[in-house]
S.K.: 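Can you keep this structure in mind? I'll have questions shortly.
Nothing here was measured: the structure is a model prediction, and the numbers come from that model.
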Amino acid sequence: MDSVDEEYSVSEMYRLGMDCLVDRFGIVNTEKFLAAVKTSNSDYTKWRQHFYDDMTVEEFDADMDAYAKANGKEGSR
């Protein structure tokens, strides 16, 4: 199993990222996602920050804990 604490080369990160996308979306939807991201002029980092704008640190921490428990990653932080 790959560890989130490991450092990866760019090619390893690309492979792992593609594996995650294909596992989650399937090949066709991965292609659609990549095409949408490539043609978009949006800034993903800014977009993602808006997701957390109205969330307190405590709420964010609770969500992280709930995600970790739901995905068998308790104590991994």
S.K.: Side-chain donor-acceptor pairs under 3.5 Å in residues 25-34, sequence neighbours left out?
M.R.:
residue	atom	partner	partner atom	Å
Asn29	ND2	Phe25	O	3.4
Thr30	OG1	Leu21	O	3.1
Thr30	OG1	Val22	N	3.4
Thr30	OG1	Gly26	O	2.7

S.K.: Under the rule for salt bridge (Lys or Arg N to Asp or Glu O under 4.0 Å), what residues qualify as partners of Asp63, not counting sequence neighbours?
M.R.: none
S.K.: For Met13, what residues pass the side chain to side chain contact (heavy atoms under 4.5 Å, CB included) criterion, not counting sequence neighbours?
M.R.: Tyr8, Val10
S.K.: Would you mind checking if Lys69 and Asp65 are paired as a salt bridge, meaning a charged N to carboxylate O distance below 4.0 Å?
M.R.: no
S.K.: Same hydrophobic cluster for Met55 and Tyr67, using side-chain heavy-atom links shorter than 4.5 Å among ILVMFWY?
M.R.: no
S.K.: Which heavy atom in Glu7 sits nearest to a heavy atom in Glu12, and how many Å separate them?
M.R.: O-OE1, 4.5 Å
S.K.: Is the number of heavy atoms from other residues, nucleotides or ligands within 6.0 Å of CG (Asp23) greater than 12?
M.R.: yes
